Trainee: 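Can you keep this structure in mind? I'll have questions shortly.
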Amino acid sequence: GGPRPGPGQEVSVKVLGALEDGGLVERDPRLTFVPGHGDVVQALELGVPTMQPGEVSFFLAAFPYGYGRPGSPRCARREPDVPPEAPLLFEVTLLEVRDGPDAQPLPPAARLLLGSQRRERGNFHFARGDFVAALRSYRLALRALDGPAAALPGPEEEEELREQRVKCLNNCAAAELKLQRADEALAACEAALSISPD
């Protein structure tokens, strides 16, 4: 019961993802993300906003809505490799819906973590050749890094925030070049240089 997630709201879900042979590829007792931000596979991006809190749903996802044509090698959160063009079955329980992190002041450490997670998701999209999605993730990372602060960062945190901004801007420039948008790539480079002239 309760309202479905709205635009910009953050959700927490329990998720199990399996291959056709039953092999688990995703298991997370509490995965938290904002639908539409590109932080998870499209099956979850599209499916979770149709759910109500407490609901359990099954999503059968063709490969474009899972890990895509190349699949995905083993990483810390998934047990086996996801083979190329693998359809997946997800069991999802919507645990909670709340206002998204972009709307709230966050301490510097939380801004750094959120920015890093979004930049890494952008790198995932970039490696798959989805440069539009990569650019969206990098811009969301910048928004998290520049977001409202619950406290002033210390000198080390301020330096890390600066370094993360430069990385995101450089990644934006690379994605813009892949999309053959030289003016936008140049603007991202100039923004990076304004933060770190060296």
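All residue numbers refer to positions in the sequence shown, counting from 1. On a predicted model such as this, the values are computed, not experimentally measured, just so you know.
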Trainee: Can you hop from F33 to L142 via hydrophobic side chains spaced under 4.5 Å?
Mentor: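 Shared cluster, no.
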Trainee: For L145 and C168, work out which heavy atoms get closest and say how close.
Mentor: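 Smallest interatomic distance, heavy atoms only, reads CD1-SG, 4.1 Å.
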Trainee: Do the side chains of D28 and K14 get close enough for a salt bridge, i.e. N-O under 4.0 angstrom?
Mentor: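 Looking at K14 together with D28, the answer is no, because their closest N to O distance does not fall below 4.0 Å.
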Trainee: Taking the side chain from Q52 and the backbone from G2, do they hold a donor-acceptor pair closer than 3.5 Å?
Mentor: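 Checking the backbone N and O of G2 against the side chain of Q52, a donor-acceptor pair under 3.5 Å is found.
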Trainee: Which heavy atom of P5 sits nearest to which heavy atom of M51, and what is that distance?
Mentor: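 For P5 and M51, the tightest heavy-atom pair comes out as CD-O, 3.3 Å.
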Trainee: Within the side chain of T50, is there an N or O that forms a donor-acceptor pair under 3.5 Å with the backbone of G47?
Mentor: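 Yes.
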Trainee: Examine F124 and L31 and state if one hydrophobic cluster contains both, with Ile, Leu, Val, Met, Phe, Trp and Tyr joined whenever side-chain heavy atoms are less than 4.5 Å apart.
Mentor: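 Cluster IDs for F124 and L31 match.
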Trainee: What are the two closest non-hydrogen atoms of P49 and L44, and how far apart are they?
Mentor: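 Taking every non-hydrogen atom into account, CD-O, 3.9 Å.
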Trainee: Measure across L135 and A175 and return the closest heavy-atom pair with its distance rounded to 0.1 Å.
Mentor: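 Heavy atoms only, the tightest pair is CD1-CB, 4.1 Å.
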Trainee: Could you pull out the closest heavy-atom pair between P35 and Q9, with the gap in Å?
Mentor: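 Minimum heavy-atom contact is CD-O, 3.3 Å.
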Trainee: Measure across N170 and A192 and return the closest heavy-atom pair with its distance rounded to 0.1 Å.
Mentor: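 Reported closest heavy-atom pair: OD1-CB, 3.9 Å.
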Trainee: Looking only at the side chains, is there a donor atom on one of R98 and S12 sitting less than 3.5 Å from an acceptor on the other?
Mentor: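 Yes, side-chain donor-acceptor contact under 3.5 Å.
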Trainee: Check whether any side-chain N or O of R121 sits under 3.5 Å from a backbone N or O of V40 as a donor-acceptor pair, and report yes or no.
Mentor: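 Yes; at least one donor-acceptor contact below 3.5 Å.
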Trainee: Is it the case that one hydrophobic cluster holds both L169 and L140, taking links as side-chain heavy atoms less than 4.5 Å apart, direct or via other members?
Mentor: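 L169 and L140: separate clusters.
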Trainee: Should R111 and E158 be marked as a salt bridge (Lys or Arg N to Asp or Glu O under 4.0 Å) after you check the CA-CA gap, both sets of side-chain angles, and the distance that decides it?
Mentor: CA-CA 11 Å; R111 288 167 54 205; E158 186 61 50; over 6 Å; no
Trainee: Verify whether the ring centers belonging to F58 and F90 lie closer than 6.0 Å.
Mentor: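 No; F90 has its ring centre 6.0 Å or more from that of F58.
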Trainee: Answer yes when R30 and E96 have at least one side-chain N-carboxylate O distance shorter than 4.0 Å, and no when they do not.
Mentor: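 Salt bridge flag = yes for E96 with R30.
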Trainee: Please answer: with hydrophobic residues joined when any side-chain heavy atoms are less than 4.5 Å apart, are L19 and Y67 in the same cluster?
Mentor: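 Yes, because L19 and Y67 connect within a single hydrophobic cluster, where side-chain heavy atoms sit under 4.5 Å apart.
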Trainee: Where the side chain of E157 meets the backbone of G154, is there a donor-acceptor pair that is under 3.5 Å apart?
Mentor: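 The answer is yes, because a donor-acceptor pair under 3.5 Å joins these two groups.
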Trainee: Within a radius of less than 6.0 Å around OH of Y65, do more than 12 heavy atoms belonging to other residues, nucleotides or ligands occur?
Mentor: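 No.
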